[in-house]
Structure formats: structure tokens, C-alpha cells
There are 2 protein chains.
Amino acid sequence: MHQPEHLKNVGLKSTVPRLKVLSLFESGRGRHMSAEDVYKLLLASGDDVGLATVYRVLTQFEQAGLLVRHYFEGGKSVFELNQGTHHDHIVCLQCGHVEEFYDAAIEAHQEKAASERGFQIRDHSLYIYADCTKESCPNK
Amino acid sequence: MHQPEHLKNVGLKSTVPRLKVLSLFESGRGRHMSAEDVYKLLLASGDDVGLATVYRVLTQFEQAGLLVRHYFEGGKSVFELNQGTHHDHIVCLQCGHVEEFYDAAIEAHQEKAASERGFQIRDHSLYIYADCTKESCPNK
DNA sequence: TTTGCGAATGATAATCGTTCTCATTTGCGA
DNA sequence: TCGCAAATGAGAACGATTATCATTCGCAAA
């Protein structure tokens, strides 16, 4: 569990809004959340935090490495707790189920492809769109 | 070269704005263009097309399969002619320069990662965000 | 070829997610 | 406890995109 000291460790003052956002992500009430999601959940909990602050805190947490930001198709960002392991996503086109995966070979080839072309990788995103085989999936 | 009949073939009336947008993409004056890019280039050519129409036409062309839409970081959509061949993209975060690449090893590993998890790949997108080394790039 | 109508267009208002501004409040070290 | 820089919240501003609506156009039937 994160404590105020964790914020200090990443160079951020321990403030009420920051602690509330962090504990929301740790509560497991949502793994992938947009700024709007976070804002509404905090309001619903009776926690009075401004929307602008939510945006600021999410960005700070991303820069501090506490959260990872994903760029949705359509333009809005979603965040998830950074649990240290980079991973990509497979999204089921039928039921929206998201599965995370990591493939070292893919990571290595990406690095190679970029450097061969004179690029210095800053970030990357890989989304595989597929049909899953979940029992609950409507395509079954 | 596309002709009015091509628009008919995909179920779209042949209109002046549509022909202008299509020929701009075919002119090679820009491979990856945002709606704003298209709008400005048409105005610069003396072609009087409304911005709203540019957005509509780009979306229609995407649905018709004439163009492919990419959602790059930074929140704006970029379009390119659909030439039938899959490829991934490296995007420079500084100057927006886009380079295309294809890596068979990455493709193969994606296929493997998905099938191992019981998914049937339908589509996928890989974007690498980086700093490029172009002379013209502002980060130099 | 002219005509008529539904589709397409363009100007502009509206929307959405996000960032900025700025007056007020807060965390925290002295 | 005090003081001040940093953080906050309300709302304005912003950039990309979509919706609205009166006008114009493409095209097929007469």
C-alpha cells in the first residue's frame, strides 16, 4: 500500500487530492480509468476534488512513473497503475475484453527497428484487435 | 489514378470536394495528413472547401476503405491512402514526421502471442513514438 | 435539356477532452 | 507558529471534431 512517503519519494508533496487519486487506483475500483472516471468516482465517494486537479495529478503520476497512460482510439487517455511491467493489450472486438501480455521478442524487435532508422524510442503502443474465446463472449 | 467512377464504386456521389481531397492524397503532396493539413493544402491551391466538409469526406473515405485513419498521440487523427499493404509507424514526437516500417519477426510474434492466448487476430496497430534525427526537426 | 428532389456543402455553433489562469488555500520547513 | 512556495479549484480558454441548418449541387427521370 502506498503511503505519503511514496509521494515524497517521487518528488511530489503529499496532498489530499493526490492521496485520494492514488488510493482510488489502489482500491481496485477500476483498473483502466480516464480522468473523467476518476473525477466522478471521487465525487461519488464524497471527496471534493476539482477536475483540473485530477488532470494535473494524473499527469504528474504518469511522469513520476506511478501510472501508465494509454491513448484510446477516439482521443481520450486512460490510466492504470504502473506495476513495473510494461505490457501490450489484446482487445476482443466482440465483447471488449482486454487481456494484457508481454513478449520480450517483440520489444527487442521494436527497439531494433527504431534504432536502425535513426530513432530514439520514447514510447510505444501495440494493440491487437481480435476475437476471443471466452464463454461469455457474444461471438460464441 | 482515381476517377469519378471510383467514388461511385464505393457508394459515394462524385462531388467537387471529394475529388479534390482524393486527388490531393494521390498527388503525393503528403502521405500522412490530418484534416487540418488537407484543409490548408486545398486552400493554398485555391480550392475553396469548407473544413467541415473535409472532416466529413475523410470519414467517408475511411469507411469506404479508400483511406486508413491513424490515432497518433497528440489527439489528432492522421489519414493515408489505403494501398492494401499493412505496415507499422514510427512517429517523431518533436516534429510529427512519420516513417513506415514492416518487420516480419514482429508480425510473427504478434500472431503467436495472440493464438497462445486463444485469440484470433483481426487487426492490430503498433505505434512507436520517438525522437527523430532529421535536420529539420526542432529537437536538433 | 430541363426539372425536382434528396444528398452534399459551407458557415458557424456546439461539444468534448484537456489545459490554462488566477485568486485562494495548503503543506511543511524554519 | 509563521511564511512562502507549491497546490488547488472554479471557470475561461483551447484545439480537434461533430452537429445544425439554410443553400447548392449531382443526377436521374421526364
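Nothing here was measured: the structure is a model prediction, and the numbers come from that model. Each chain gets a letter, A, B and so on, in the order its sequence line appears, and its residues count up from 1.
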Is any side-chain heavy atom of A:L19 closer than 4.5 Å to one of A:S14?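 Yes, close enough: below the 4.5 Å cut-off.
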Note to self: Need one value for A:S34: base, sugar-phosphate or nothing, where a base atom within 4.0 Å counts as base even if backbone is also close, heavy atoms only.
What the structure shows: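 The residue A:S34 makes no contact with any strand.
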ask   = Contact class for B:K76 (heavy atom, under 4.0 Å): base, sugar-phosphate, or nothing?
value = sugar-phosphate
ask   = Salt bridge or not for B:E100 and A:R117, using N-O below 4.0 Å?
value =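 Between A:R117 and B:E100 there is no salt bridge, as every charged N stays at least 4.0 Å from the carboxylate O atoms.
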Aromatic ring pairing A:H87/A:H70, orientation class (parallel under 30°, perpendicular over 60°, tilted between):
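Plane angle between 30° and 60°, so tilted.
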Please table the atom pairs, donor to acceptor, closer than 3.5 Å between any side-chain atom in residues 40-51 of chain A and protein atoms at least two apart or in another chain.
unit_1, atom_1, unit_2, atom_2, d
A:S45, OG, A:R29, NH2, 2.7
A:S45, OG, A:L41, O, 2.8
A:D47, OD1, A:K20, NZ, 3.2

With ring centroids as reference points, do B:H32 and B:H97 lie under 6.0 angstrom apart?
no
Any donor and acceptor pair, going by atom type alone, linking the side chain of B:N82 with main-chain N or O of B:L66 inside 3.5 Å?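 The answer is no, because no donor-acceptor pair under 3.5 Å joins these two groups.
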In the 5' to 3' direction, the nucleotides of DNA chain D bounding the stretch that comes under 4.0 Å of a heavy atom in chain B are D:dA16 to D:dC27
Under the rule of Watson-Crick or G-U wobble with both distances under 3.5 Å, where | means paired to another strand and [ ] a crossing pair, DNA chain C maps to ||||||||||||||||||||||||||||||
Nearest-0.5 Å distance, OH of residue B:Y71 to OG of residue B:S125: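 If we round to the nearest 0.5 Å, B:Y71:OH and B:S125:OG are 10.5 Å apart.
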In short, salt bridge (charged side-chain N to carboxylate O under 4.0 Å, His left out) pairs touching residues 56-69 of chain A with sequence neighbours left out are A:E62-A:R69
Boundaries of the DNA chain C segment in contact with chain A, non-hydrogen, under 4.0 Å:
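Answer, 5' to 3': C:dG17 to C:dC28.
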For DNA chain C, what residues of residues 39-56 of chain B have any heavy atom nearer than 4.0 Å?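 Those residues are B:D48, B:V49, B:G50, B:A52, B:T53, B:R56.
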